[in-house]
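These notes concern the structure reproduced below.
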Number of protein chains: 2
Amino acid sequence: MFVMTERKQEILTIAQGLFKDNSYTATSIRDIAKAAGVEPASLYSHISGKEELLDMTCFRMADKFINGIAEVNDIYFDAAQKLKMAVNTHVEILTSNLNAAVVFQRDWRHLSPDRKKEFVDARNSYEHGFRVIVQNGIDEGLFNEVDIKFAALTILSSLNWIVEWYHEDGKLTPQEIAENLYNFILTGLKK
Amino acid sequence: MFVMTERKQEILTIAQGLFKDNSYTATSIRDIAKAAGVEPASLYSHISGKEELLDMTCFRMADKFINGIAEVNDIYFDAAQKLKMAVNTHVEILTSNLNAAVVFQRDWRHLSPDRKKEFVDARNSYEHGFRVIVQNGIDEGLFNEVDIKFAALTILSSLNWIVEWYHEDGKLTPQEIAENLYNFILTGLKK
DNA sequence: TGTCATAACGAACATTCGTTAGGCAAATAT
DNA sequence: ATATTTGCCTAACGAATGTTCGTTATGACA
């Protein structure tokens, strides 16, 4: 049976911090142990192995995203409002779980083959949620008739990259970032 | 003295293909040797070490980008035209060096500290090139008065992410991708 | 024919990797 | 008070890591 003790959560958080700076593969069990103030072998009282730390990180984040987009798409709004909400939620999830978000984006490739497949499926279903919004917008006559798949990918691109430069004590709050991004996506640069 | 033989280029290309699929840290010298049809020790007749492969990949790409943006900013055009050219060039570089581009984006973190600093400087100067274009656009009255740094980052985000989904035999040609991206950046989704 | 550079080889190096085994003290449950 | 669980320890495992070593076959050039 799966349990999640306080100490295990602590270790996970520590690991995510290291993974963020050094990547999953370049971070060793010994690095994590040292950061946790414990001998390497002691970690195995809490986790089944290194990959569990990666697995939990990736799939917990995936859950957050999928729940977020489902919530948005369940509400009866027009596409512009939905998009605004989706952007807000996405930025919120990224910025309030920054370390995990970085791992989620960079290191899912190192999941075991089976779990990697599941992960990619999950990510695809999230992207699908965005495609639905874009399609709605076109149907409602609000959005230009763009390539839906391409548009969804481009939107997500601009959202995802913020983990590369966002700092908690930066100039912009997550709310402001989301607002700027939404405006950018909706109206572009042109005056 | 630095030399670049045909065989060395071959090995570099092979390594980039592996790095792309498996990341730099998770690719071993033995993996590269096997893919090159050679014993691990033989690689050292051509390269000084594993990091040289990463180093060459990152800085060759950086050079391409920096030369590209310099060319664009040297020409006397309005900001919209400059942006279009910059997007074109960027997409061209990414798509015609896909493996190297992926490594360039993901694995520069594993450069030695000194080289990493140089790399970040180079990348910053490239981003600066984009900020200049945005600033020009605002000065010329063509662009909205957005946060310049934020805008440049968002533009580059949407450009960079294409390495995650682009396939040579995909539906869209690099030219079409660049065009779509330019339109998206300039005018957004809104009808 | 003799000299030298090139590109490869097999073997081994020290180190690091993730993980397991077994024990021990303190906290917790019965 | 006794039994059990928890959380950590030391020690060690086999495998994989990047790299160095001395050697050798090949071919160009003097």
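Residue numbers begin at 1 in each chain, while the letters A, B, ... track the order of the sequences. Values in this document were obtained by computation on a predicted structure and should not be read as measured data.
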* Which class fits the ring pair A:Phe150 and B:Trp165: parallel under 30°, tilted 30 to 60°, perpendicular over 60°? -> perpendicular
* Looking at C:dC9, C:dA21, D:dG18, which one has an atom nearest to any side-chain atom of A:Ala41? -> C:dA21
* To do: Between D:dT19, D:dC9, C:dA8, spot the one nearest the side chain of A:Val38, thanks.
  => D:dC9
* To do: Would you indicate whether A:Gln175, at its atom CD, is surrounded by more than 12 heavy atoms from other residues, nucleotides or ligands within a distance under 6.0 Å?
  => no
* Aromatic contact, B:Phe119 with B:Phe104 (centres under 6.0 Å) -> yes
* When the aromatic ring centroids of B:His110 and B:Phe19 are compared, is their separation below 6.0 Å? -> no
Counting only side-chain N and O atoms of [X], is one of them less than 4.0 Å from OP1 or OP2 of [N]?
| X | N | answer |
| --- | --- | --- |
| B:Ser28 | D:dT17 | yes |
| B:His46 | C:dA8 | yes |
| B:Ser42 | C:dC9 | yes |
| B:Arg7 | C:dA8 | yes |

Please give, in whole Å, the distance from [N] [atom2] to [X] [atom1]?
| X | N | atom1 | atom2 | answer |
| --- | --- | --- | --- | --- |
| A:Ile47 | D:dC8 | CD1 | P | 12 Å |
| B:Leu53 | D:dG18 | CG | P | 11 Å |
| A:Leu43 | D:dT6 | CG | P | 17 Å |
| A:Glu51 | C:dG18 | CD | P | 12 Å |
| A:Ile29 | C:dC17 | CD1 | C1' | 10 Å |
| A:Glu6 | D:dT6 | CD | C1' | 14 Å |
| B:Lys50 | C:dT15 | NZ | C1' | 15 Å |
| A:Tyr44 | C:dA21 | OH | P | 12 Å |

* Confirm from the modelled atom types if B:Ser45 and C:dA8 form a donor-acceptor pair under 3.5 Å, side chain to base only. => yes
* For the side chain of A:Arg30 and the base of C:dG18, is some donor closer than 3.5 Å to an acceptor across the two? -> yes
* Determine the contact category for B:Glu39: base if any of its heavy atoms lies under 4.0 Å from a base atom, sugar-phosphate if only primed atoms, P, OP1 or OP2 are that close, otherwise nothing. => sugar-phosphate
* To do: Identify whether any heavy atom of A:Thr27 sits under 4.0 Å from a base atom; if not, whether one sits that close to sugar-phosphate; answer base, sugar-phosphate or nothing.
  => sugar-phosphate
* Structure fact -> Sorted by position of nearest nucleotide on DNA chain C, 5' first, the leading residue of A:Ala26 and B:Gly37 is B:Gly37
* Yes or no on salt bridge (charged side-chain N to carboxylate O under 4.0 Å, His left out) for B:Arg109 and A:Asp21, after CA distance, side-chain angles and deciding distance? -> CA-CA 8 Å; B:Arg109 278 162 251 272; A:Asp21 292 332; over 6 Å; no
